[in-house]
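In what follows, a structure is listed as structure tokens, so that the remarks can point back to it.
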2 protein chains.
Amino acid sequence: MAESDGNSAKRPTIYDLAEIAGTSPSAVSSILNGTWKKRRISEKLAERVSRIAAEQGYAVNLQASLLRRERSRIIGMIVPKYDNRYFGAIAEQFEIMARARGLFPVITCTQRDPDLEFEAARELISYQAECLIVTGATDPDRIGEFCAAAGVRAINLDLPGSNAPSIVSDNFTGARDLTALILSRMERDFGEIRPLWFIGGRSKDHNTAERLRGFRAAHRQIGLSVLPDQIIMPGYSPHKAIAAMATKTLADRSGLFVNSTITLEGVIHWLNEQRHGSGDIRLGCFDWDPFAALLPQNVGMTEQNVPAMLETTFELVETPPTGNVRIEIPCILREISPAAITR
Amino acid sequence: MAESDGNSAKRPTIYDLAEIAGTSPSAVSSILNGTWKKRRISEKLAERVSRIAAEQGYAVNLQASLLRRERSRIIGMIVPKYDNRYFGAIAEQFEIMARARGLFPVITCTQRDPDLEFEAARELISYQAECLIVTGATDPDRIGEFCAAAGVRAINLDLPGSNAPSIVSDNFTGARDLTALILSRMERDFGEIRPLWFIGGRSKDHNTAERLRGFRAAHRQIGLSVLPDQIIMPGYSPHKAIAAMATKTLADRSGLFVNSTITLEGVIHWLNEQRHGSGDIRLGCFDWDPFAALLPQNVGMTEQNVPAMLETTFELVETPPTGNVRIEIPCILREISPAAITR
DNA sequence: CAACGATGCTACATCGATTGAGCATGCATG
DNA sequence: CATGCATGCTCAATCGATGTAGCATCGTTG
């Protein structure tokens with residue numbers, strides 16, 4: 001970044017304002033932070049100083065202010081990505097809800113990179129965050145450990161950890177119901193049912209494991225067993241999905257369980273390359289997206305209940321739990337009626 | 001937020017570490033911030049202090065550190081929303097690019113609320129941001145004015161202002177080409193062309209005005225004039241679009257220019273309610289979304305070149321321009337071939 | 001008119017990290 | 001053995017805002 005011009009006016013401080021107003025820095029400080037009535041500053045002086053502050057473009061130096069205050073009211077969050085509906089909604093709602101509670105939200109995006117996750121967490125703690133929401137972290141426990149050592153509360157969101165309270169979706173039930181829906185639609189539309197493909201996620205990932213468990217349970221329920229070579233877990237990103245599918249061939253009348261909208265981007269790309277018609281495939285996707293919901297092959301999406309998850313998060317922020325609870329939030333199955341797409 | 005436990009260990013400071021290590025705070029400081037070689041601290045002491053710092057879960061207090069340093073290296077950004085592709089990508093790329101340049105990005109989401117935009121800007125300046133990227137602001141000049149008074153550089157992104165350099169898409173050309181594409185597809189698929197509908201955005205909004213100009217130009221080029229009651233600009237949000245369309249009826253073989261993917265959500269909802277088939281409508285949308293690109297009615301999307309816009313932004317950050325330039329970045333017309341959707 | 005309380009302010013230590021100046025020691029050199 | 005210089009550290013001022021303690025002034029009351 002360019003050096004600031006040597007000649008340009010520096011940011012005014014309370015000392016500058018005090019000099020202009022012919023008063024003391026303490027008076028200016030209390031006037032500008034709203035404690036002036038308590039400190040018996042006259043309304044006349046308060047008005048004059050406020051006016052001068054506005055004229056000079058004064059903005060408090062939070063570094064100095066927070067250094068002195070005992071509490072920062074800063075609440076930090078790390079998220080893996082912004083550019084999909086789920087995490088975008090989490091980030092946006094988090095900011096709104098934090099502000100509504102008089103807290104200062106600071107969010108950092110960590111690209112699913114464990115080292116960046118850790119560095120970002122350390123950075124937020126350096127900003128004196130009082131609490132850190134660790135969202136979708138690949139290694140939440142490393143961060144939880146550091147937070148504990150630094151005396152900062154951590155809360156895991158989306159992916160659970162073992163050394164801090166966790167709030168996650170009920171991935172098992174969500175996946176089981178979605179799987180059952182896809183299977184029932186295959187029966188209705190194709191008149192036959194075969195085991196589904198499971199595509200996306202990581203085998204070591206708690207959410208993926210739970211969803212796979214739900215996936216298996218739904219198959220078992222109708223006496224079907226899943227096929228190991230139809231379980232593909234190359235990560236979440238579209239290009240990883242494409243690469244993993246490259247060697248596979250999909251029969252007509254197949255069904256797919258897609259483990260996130262991010263993965264779905266890759267799957268759709270691949271389906272188009274494979275020249276599969278919309279009529280001969282059925283799929284469902286964990287996570288919701290308004291446009292993905294309109295894909296002709298799509299029979300349902302599992303929407304994670306972001307408002308409920310964040311509501312619970314802020315409850316834990318306000319009243320720290322005893323012990324390392326894990327709270328599961330039910331998902332919302334968004335069944336897609338063919339009426340909306342065939343016409 | 002819950003009070004921090006009175007008994008719990010406070011965050012360790014360099015004074016605590018100095019005491020444990022039996023050395024001075026200055027030594028600890030220089031060891032932990034990497035200037036210890038310059039200050040001729042022995043490697044032995046450096047190692048011991050680093051180890052103790054790690055054991056104690058030390059994290060520098062950025063409030064104290066930044067207060068003393070002359071530069072913060074913080075670069076702020078405000079964005080209206082996270083939960084759509086365009087702004088999600090801007091936020092994500094901004095963080096990546098800022099970090100790559102050794103800067104600390106801090107982003108705040110402002111919900112298209114002018115007051116929140118202003119408050120967020122003031123907050124970022126209070127964090128000692130050296131530069132503020134004002135993205136898609138409804139009132140960028142109010143913020144630009146405050147930044148000027150506070151001696152902080154501002155750069156407008158997406159929507160231009162008059163008192164700071166601005167980087168915007170070439171909305172005119174982008175909209176003209178998209179309009180021409182929609183019209184040509186109507187000709188090809190329907191064998192007839194009628195003036196398009198223009199849906200979404202705000203009449204006072206620079207981008208909307210420019211896009212409307214491009215929209216008109218494309219019509220004029222083929223000797224068509226637009227119909228005033230087919231220009232609907234109720235804002236960007238889906239529910240505003242739905243409300244504005246509620247009284248309208250769309251003839252078969254109509255064409256729509258949709259002014260953002262956010263608006264498109266509402267338009268699609270409305271089309272489904274109107275029970276319009278995918279075959280009798282053609283639309284194009286300004287902004288790109290991977291799933292919206294698969295809608296059967298969709299013939300093309302205008303992708304704003306986010307990497308180029310941010311690249312230019314960081315060029316301006318590094319070498320401040322003389323005067324208030326306005327830089328226009330060409331858009332990418334993503335033509336959608338029917339092959340991808342009919343099968 | 002002394003004592004007292006209310007009013008309206010100022011002085012100063014403090015938060016934690018940074019950094020220029022300076023001090024003590026050890027070693028080599030003339 | 002005095003001098004110079006490199007080495008390895010410490011001291012103390014500083015950044016800007018906060019808040020407690022305290023000071024001066026004024027009006028009121030006994």
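Since the model is a prediction, treat every value here as computed from it, not as a measurement. Chain A is the first sequence line, chain B the second, and so forth, proteins listed ahead of strands; every chain is numbered from 1.
Ser26(B) comes within 4.0 angstrom of a base, heavy atoms only. Using a 4.0 Å heavy-atom distance criterion, Val60(B) is classed as a sugar-phosphate-only contact. Counting non-hydrogen atoms under 4.0 angstrom, Ser65(B) reaches the backbone sugars and phosphates but no base.
Between Phe94(A) and Phe314(A), the ring planes lie parallel to each other; the angle is under 30°, not in the 30° to 60° tilted range.
A ring-centre distance under 6.0 Å is not found for Phe87(B) and Tyr82(B).
You'll find a donor-acceptor pair under 3.5 Å spanning the side chain of Arg68(B) and the base of dT14(D), going by distance alone.
Rounded to whole Å, atom C1' of dG16(D) lies 14 Å from atom CG of Asn61(B). A straight line from CZ of Arg11(B) to P of dC15(C) spans 16 Å, rounded to a whole angstrom. Counting to the nearest Å, the P atom of dA17(D) and the CG atom of Leu67(B) are 9 Å from each other. Spacing between atom OH of Tyr127(A) and atom P of dG16(C) amounts to 19 Å, rounded to whole angstrom units. Here dA17(C) presents its P atom at 10 Å from CG of Leu62(B), a figure rounded to the nearest Å. Spacing between atom CZ of Arg69(B) and atom P of dG16(C) amounts to 18 Å, rounded to whole angstrom units. To the nearest angstrom, C1' of dT14(C) lies 16 Å from CD of Gln63(B). The nearest whole Å value for the distance from the CD atom in Glu70(A) to the P atom in dC15(C) is 13 Å.
For the contact set between residues 30-56 of chain A and DNA chain D, defined by any heavy atom under 4.0 Å, the members are Asn33(A), Arg39(A).
No salt bridge links Arg73(B) with Glu123(A); every basic N to acidic carboxylate O contact stays at or beyond 4.0 Å. The pair Glu95(B)-Lys81(A) does not meet the salt-bridge criterion, since no charged nitrogen lies less than 4.0 angstrom from a carboxylate oxygen. Using a 4.0 Å cut-off between a side-chain N of Lys or Arg and a carboxylate O of Asp or Glu, Asp205(A) and Arg112(A) do not qualify as a salt bridge. A salt bridge links Arg71(A) to Glu130(A): one of the charged nitrogens lies within less than 4.0 Å of a carboxylate oxygen.
Contact annotation: Tyr58(B) side-chain N/O to dA17(C) OP1/OP2 distance is under 4.0 Å.
Checking dT18(C), dG16(C), dT10(D) against the side-chain heavy atoms of Thr13(B) singles out dG16(C) as nearest.
Applying the 6.0 Å contact sphere to CD of Glu19(A) captures no more than 12 heavy atoms from other residues, nucleotides or ligands.
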